[in-house]
Amino acid sequence: TNEWKEEIVYCDPCKTGEIRTVFPDGQKALVKDGEDPRVVFADWLIRPKNMFFARTFVNRTWNWIFGLPLYESVDNLSMESKAVNPALARHLILSFEKSGFDNRALLREIFNSSVYQQSSLADASDARVLAHFGTYPIRPLEAEPLIDAICQITGTTEVYTSTTPEPYTTLPTCEDAVAIPDGSITTAFLNLFGRSPRDSGLDAERERGPNAGQRMHLLNSSHIRNKLERGKYPQVTSQVEGKESLIVHAFLRVLSRYPTKAENELLRQRDPKDAKKMKHGIPEIYWALINSEEFLNRH
């Protein structure tokens, strides 16, 4: 098309006669005259006896949820790859096939399992405990859900634009980062926090390890400071009870839990009872909670 980045793949309408080809598993295939080769390949892909699609999809889904794959490799899975827990892998693959490759059904089964609902505080001093999913592994939030959460907490928005010149590059401010359809549409925050460029589709494209630049951005950047200062918070009063309710609201909003007695007492002593000064202290409370390990990690 006239758009230099766009490539449309379609079936050539010209009749070419029968096409004899070979599927990835070595099986010979025949594409009849006028038949779409993509449909033939898709039909092969989801055959019950074909383990390629179901194994790959289940493995990628499990790795996305737990940060650890069922099989050794996510990007280079082969028929020789061995599962960490063969019985678990076999159950999920067969269940996925039986559901008609229903992604929601697969997610529902994993999320409702005792494996997913384990505490991250379990003893994992033995490496085998973590390798065999004996505890929920703590790891940082990915770039997209992290900025979406910060925007939701502060009641602010982001402007997502393409880094290359082309028409229609700015998304509406109501768009969530998790819903961005194009890998070239991004922000400095998403790039800093390891968002995948989507160049190859490989899981290894995403940088998941935390770094000093990310911590400094959350602690000391004008981007986060402006969001906190423009945040929409509850009205404050000069009453101590009002201050306490604001602290409770902040904890529920950021960490989805009530503050402990020690946390409540510490924050009540942090700011004066004067309503005007208290109002300026509320963004600091949100700033401290957003920078906590409890907020920044999946646990």
Side-chain angles (χ1 to χ4, degrees), residues 139-164 166 168-198 206-208 210-237 242-259 263-264 266-268 270-271 274-299:
R139 62 197 189 283
L141 283 173
E142 295 175 338
E144 298 93 326
L146 177 58
I147 191 58
D148 285 345
I150 293 175
C151 287
Q152 185 175 6
I153 289 167
T154 57
T156 58
T157 58
E158 288 281 284
V159 177
Y160 299 106
T161 59
S162 176
T163 57
T164 54
E166 60 177 13
Y168 311 110
T169 59
T170 302
L171 294 181
T173 54
C174 61
E175 195 79 34
D176 290 332
V178 295
I180 296 176
D182 189 334
S184 71
I185 300 176
T186 184
T187 63
F189 181 96
L190 293 178
N191 293 336
L192 176 62
F193 282 77
R195 178 188 183 228
S196 172
R198 306 185 191 179
R206 183 180 291 273
E207 295 288 340
R208 290 186 169 82
N211 57 58
Q214 295 173 0
R215 298 297 294 138
M216 290 302 298
H217 186 90
L218 291 168
L219 285 167
N220 200 34
S221 70
S222 58
H223 174 228
I224 299 299
R225 185 173 66 249
N226 290 337
K227 282 185 174 295
L228 292 168
E229 291 176 351
R230 301 194 331 259
K232 301 173 183 178
Y233 309 112
Q235 296 297 315
V236 298
T237 67
K243 176 62 183 302
E244 184 172 344
S245 68
L246 290 174
I247 295 172
V248 170
H249 187 277
F251 269 80
L252 290 175
R253 196 169 181 174
V254 181
L255 302 181
S256 300
R257 68 169 176 85
Y258 288 94
E263 290 169 337
N264 207 351
L266 178 65
L267 292 175
R268 286 178 62 181
R270 174 69 177 80
D271 295 304
D274 180 78
K276 186 177 181 180
K277 293 182 179 179
M278 185 191 305
K279 183 177 181 180
H280 292 293
I282 295 304
E284 292 186 9
I285 295 176
Y286 280 86
W287 172 80
L289 295 179
I290 285 175
N291 278 280
S292 67
E293 295 295 327
E294 188 173 349
F295 172 74
L296 295 173
N297 291 319
R298 297 173 64 170
H299 46 90

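Predicted model, so just to flag it, every value in this text is computed and none were measured. Because only heavy atoms are used, hydrogens play no part in the values below, and waters and symmetry mates are left out as well, while side chains stay in.
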Exactly one candidate in Leu255, Val254, Val248 meets side chain to side chain contact (heavy atoms under 4.5 Å, CB included) with Phe251; the answer is Leu255
[atom1]/[X] to [atom2]/[Y] distance, rounded to the nearest 0.5 angstrom?
X	Y	atom1	atom2	result
Arg139	Leu296	CZ	CG	14.5 Å
Ile247	Leu266	CD1	CG	9.0 Å
Leu146	Phe189	CG	CZ	4.0 Å
Ile282	Glu284	CD1	CD	9.5 Å
Glu207	Leu192	CD	CG	11.5 Å
Ile185	Thr161	CD1	OG1	8.0 Å

Any donor and acceptor pair, going by atom type alone, linking the side chain of [X] with main-chain N or O of [Y] inside 3.5 Å?
X	Y	value
Arg198	Pro181	yes
Glu142	Arg195	no
Asn220	Met216	no
Asp176	Val178	no

Least distance between heavy atoms, [X] atom then [Y] atom:
X	Y	answer
Tyr286	Ile153	CD2-CG2, 3.7 Å
Leu228	Trp287	CD1-CB, 3.4 Å
Ile285	Ala250	CG2-CB, 4.0 Å
Ile147	Glu158	CG1-CG, 3.8 Å

Side-chain touch [X]/[Y], heavy atoms, less than 4.5 angstrom:
X	Y	result
Thr156	Lys232	no
Tyr160	Leu190	yes
Phe295	Leu218	no
Ile224	His217	yes
Cys151	Lys227	yes

Using a cut-off of 6.0 Å, state whether more than 12 heavy atoms not belonging to Glu263 lie near its atom CD. yes
Contacts of Glu229 meeting salt bridge (charged side-chain N to carboxylate O under 4.0 Å, His left out) (sequence neighbours excluded), chain-then-number -> none
